[in-house]
Amino acid sequence: KPEAPSRTVTVTGTPRSVGMSTASCSSSDSIAPFSTVTIPVSAGSGTSDAAHSVHLTKEATALGAAGVLAVCPYYNRPSQAGIEAHLRAMAECTPLPQMIYDIPVRTGRKISTTTLLRLFREVPTIVALKDAAGNPGETAVLIANAPESVEVYSGDDGMTLPLLASGIVGAVGVATH
C-alpha cells in the first residue's frame, strides 16, 4: 500500500496529448475517465489556441472534471501578456480549480515568475503549478512569494528531488502512471 496515494488522475496532460485528443475525440468519448474511476479526474484542456482551450475547459467542466490543467500556449510563442490572457480566459470560464503547467521545453515559452505570481494573487481558481521549467532556484523564489494557498508540484521526474528542496508539495509524475 503506498504511503502517499494519488489524489487525482489527469487525462490529456501534455501539449502533444491534448492536441492529438481534441482532433479525434468527441465529448462522449471523454466521459469514460470521469465516470469509471473513484478518485477525482482533472482534464488537460490547454492548447495553443485560447478559444479552443476555453471550449475544452467548458466541456471538461460539463463532463464532471474535478479540475483543469492549463498548459502555457505552445508553438506560437506568445508574449507574457498573451500567456496571461490565455490562462485567465481558461480560468474565467469555469469554477473548477486550475493548475498551470509550465513546460518551456515543449511550449517554447517560459511563464515568468512575475506572471505566475500575478495570476496566483488575482485569479482565485488558479491554485497550483506543475513546474517543469527546470530551475529549482526560481521555483524557490516563486514559492516564497506566492500566496500560502498555492501548491507547487514537480512536473519533471528528474527534477523532483531538487524541487523538493525548493519547497514543492509533491509531483505530478510522468513515470508514476
Side-chain angles (χ1 to χ4, degrees), residues 10-27 29-30 33 41-63 65-139 141-142 145-146 150-159 163 168 171-174 177:
T10 302
V11 294
T12 61
T14 66
R16 185 172 150 225
S17 62
V18 171
M20 290 170 57
S21 67
T22 57
S24 61
C25 294
S26 67
S27 295
D29 295 331
S30 302
V41 177
S42 292
S45 58
T47 70
S48 61
D49 177 306
H52 193 210
S53 298
V54 166
H55 169 75
L56 292 175
T57 301
K58 288 178 178 178
E59 278 196 0
T61 303
L63 291 170
V68 294
L69 182 66
V71 70
C72 175
Y74 46 90
Y75 302 128
N76 53 22
R77 299 180 49 84
S79 65
Q80 291 299 310
I83 293 168
E84 184 173 344
H86 180 99
L87 296 170
R88 282 181 186 271
M90 289 180 67
E92 289 170 0
C93 77
T94 183
L96 296 176
Q98 178 175 306
M99 175 183 280
I100 294 174
Y101 187 9
D102 190 15
I103 182 166
V105 71
R106 291 249 181 120
T107 63
R109 184 71 75 206
K110 163 82 177 95
I111 307 172
S112 75
T113 297
T114 301
T115 299
L116 288 167
L117 288 172
R118 188 169 34 255
L119 289 166
F120 288 139
R121 291 180 182 135
E122 296 177 8
V123 184
T125 56
I126 297 178
V127 298
L129 173 67
K130 178 180 178 183
D131 184 350
N135 187 341
E138 189 66 21
T139 301
V141 169
L142 174 79
N145 291 288
V150 171
E151 294 183 343
V152 179
Y153 296 84
S154 171
D156 180 346
D157 294 354
M159 292 299 294
L163 286 169
I168 64 165
V172 179
V174 176
H177 69 283

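Since the structure is predicted, the reported quantities are computational estimates derived from the model, not experimental observations. Note that the numbering runs from 1 along the sequence shown for the chain.
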Check the pair Gln98 / Leu87 against side-chain contact (heavy atoms from CB on, under 4.5 Å), numbers first and verdict last. CA-CA 9 Å; Gln98 178 175 306; Leu87 296 170; 4.2 Å; yes
Could you pull out the closest heavy-atom pair between [X] and [Y], with the gap in Å?
X	Y	answer
Pro95	Thr61	CD-CG2, 4.3 Å
Ser42	Ala66	OG-C, 4.5 Å
Met90	Ala70	CE-CB, 3.6 Å
Ser45	Thr57	OG-OG1, 2.7 Å
Ala60	Val68	CB-CG1, 4.4 Å

OH of Tyr153 to CG of Leu129: how many Å apart, nearest 0.5 Å? 10.5 Å
Roughly how far, to the nearest 0.5 Å, is CG of Asp49 from OG1 of Thr47? 5.0 Å
Taking side-chain contact (heavy atoms from CB on, under 4.5 Å) as the definition, give me every residue that meets it alongside [X], ordered by chain and number, with sequence neighbours left out.
X	answer
Asn135	Glu138
Thr115	Gln80, Glu84, Ile111, Ser112, Arg118, Leu119
Ala132	Tyr101, Ile103, Asp156
Ser154	Thr160, Leu163, Ile168, Ala171

Please name all residues satisfying side chain to side chain donor-acceptor pair (under 3.5 Å) with Glu92, sequence neighbours left out, ordered by chain then number. none
Quick one: do Val71 and Arg106 satisfy side-chain contact (heavy atoms from CB on, under 4.5 Å)? Show the steps, please. CA-CA 10 Å; Val71 70; Arg106 291 249 181 120; over 6 Å; no
Side chain Thr94, main chain Lys58, donor-acceptor under 3.5 Å: no
The complete set of salt bridge (Lys or Arg N to Asp or Glu O under 4.0 Å) pairs with one or both residues in residues 93-102, sequence neighbours excluded, reads Asp102-Lys110
So Pro73 and Ile83, do their side chains get closer than 4.5 Å, heavy atoms only? yes
Residue pair Pro78 / His86, side-chain heavy-atom distance below 4.5 Å: no
Could you tabulate the donor-acceptor pairs under 3.5 Å formed by side-chain atoms of residues 120-128, not counting sequence neighbours?
residue : atom : partner : partner atom : Å
Arg121  : NH2  : Asn145  : O            : 2.7
Glu122  : OE1  : Arg88   : NH2          : 2.4

